[in-house]
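Below is one structure, written out as structure tokens, with a few remarks after it.
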Amino acid sequence: MATQTYPAYPNQQVLVQGTQNYNTASTGGYSTGLCSWCAEPGGCGLCMSSTFCCCCQYGRNVEKLSPQQATCGGSCCGAGWLYCLFYHFGLAVVPQCITRGEVRRINGLQPAPCADCLTSWCCQPCGLCQEAREIKIRGGGPGAKGGVYTSAPQAQTMTFSTQNY
């Protein structure tokens, strides 16, 4: 198991299974390539899921993001149905482009809205695979269900009264 520190979270380390080195510090981009169809984590199963059941894969990706920043509040079913509806009208690029932007923002990757839109438009399954791998490598993002990173608790205050009741 390898340990790596990512630029967005310099004081945190993420455990990554396998021997592949996921280094994003030098490029500021995704850890794996767009055409790394059967790359780990995920492998061929992820590729098949993204190709033949893209609505389900989109829902799974969204579910692993922080509910406050995700489409449909991070609901796998809600996001999957939304994607399916947009896909039916040929507009699946819209939710996928938004989610790619969120994956970049949450993980401190360089913003690339044009590249995200082109990827979503021309290579939907490849983009879904890449997003899923990035989410898994990065631990799901801050505040994610089951992710490595957690959000800091809200500040709480307590006041005392000297009056007797």
Side-chain angles (χ1 to χ4, degrees), residues 1-43 45-47 49-50 54-76 78-80 82-83 86 92-154:
M1 215 178 275
T3 304
Q4 182 138 4
T5 303
Y6 289 100
Y9 307 95
N11 297 327
Q12 302 250 352
Q13 293 186 336
V14 180
L15 295 178
V16 181
Q17 292 183 347
T19 58
Q20 185 164 352
N21 182 16
Y22 302 107
N23 184 7
T24 61
S26 61
T27 62
Y30 280 91
S31 303
T32 59
L34 183 62
C35 296
S36 301
W37 300 298
C38 294
E40 292 297 331
L46 176 61
C47 177
S49 172
S50 297
C54 53
C55 299
C56 296
Q57 185 58 52
Y58 178 78
R60 283 192 290 269
N61 288 353
V62 166
E63 184 179 42
K64 293 174 186 168
L65 295 174
S66 178
Q68 294 85 357
Q69 288 111 5
T71 309
C72 294
S75 164
C76 180
L82 176 77
Y83 190 87
F86 275 77
V93 65
V94 174
Q96 188 173 352
C97 192
I98 292 168
T99 302
R100 284 185 71 82
E102 284 302 308
V103 168
R104 283 182 183 276
R105 189 187 64 73
I106 288 170
N107 293 305
L109 303 176
Q110 292 176 354
C114 291
D116 289 343
C117 287
L118 282 173
T119 298
S120 301
W121 187 263
C122 300
C123 312
Q124 287 177 350
C126 299
L128 286 171
C129 280
Q130 188 180 39
E131 292 164 34
R133 284 191 306 268
E134 193 67 28
I135 291 167
K136 180 144 181 129
I137 289 168
R138 303 283 184 137
K145 303 171 204 165
V148 173
Y149 307 118
T150 57
S151 301
Q154 296 289 332

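Keep in mind the model is a prediction, meaning the values are calculated, not measured. Note that the numbering runs from 1 along the sequence shown for the chain.
- One finds the CD1 atom of I135 at 8.0 Å from the CD1 atom of I106 (value rounded to the nearest 0.5 Å).
- What you find for C47 and C129 is that their closest heavy atoms are CA-SG, 3.5 Å.
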**Request:** List the steps and the verdict of side chain to side chain contact (heavy atoms under 4.5 Å, CB included) for N61 and Y83.
**Result:** CA-CA 12 Å; N61 288 353; Y83 190 87; over 6 Å; no
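- Minimum interatomic distance between L46 and P41 (heavy atoms only, all atoms of both residues): CD2-O, 3.9 Å.
- Between atom OG of residue S31 and atom CG of residue L109 there is a gap of 7.0 Å, rounded to the nearest 0.5 Å.
- Between the side chain of R104 and the backbone N or O of Q110, at least one donor-acceptor pair lies under 3.5 Å.
- Between E131 and Q96 the shortest side-chain heavy-atom distance falls below 4.5 Å.
- Applying the side-chain hydrogen bond (donor to acceptor under 3.5 Å, both in side chains) rule to R60 yields the partners S49, Q57; only residues at least two apart in sequence or on another chain are considered.
- Listed by chain and number, the residues in a side chain to side chain contact (heavy atoms under 4.5 Å, CB included) with A115 are A112 (sequence neighbours excluded).
- When all heavy atoms of P95 and L82 are compared, the closest pair comes out as CB-CD2, 4.5 Å.
- Residues in residues 121-130 take part in these side chain to side chain donor-acceptor pair (under 3.5 Å) pairs, two or more places apart or across chains: R100-Q130.
- Closest non-hydrogen pair, C97 versus C117, comes out as SG-SG, 2.6 Å.
- Partners of S36 under the side-chain hydrogen bond (donor to acceptor under 3.5 Å, both in side chains) rule, at least two apart in sequence or in another chain, do not exist in this structure.
- Under the rule for a side chain to side chain contact (heavy atoms under 4.5 Å, CB included), the partners of C126 that lie at least two apart in sequence or sit in another chain are L34, W37, C123.
- In this structure, G29 and R138 approach most closely via the heavy-atom pair O-NH2, 4.1 Å.
- Annotation for P111 and P113: closest pair C-CD, 3.7 Å, computed over non-hydrogen atoms.
- Between the side chain of Y58 and the backbone N or O of A92, no donor-acceptor pair lies under 3.5 Å.
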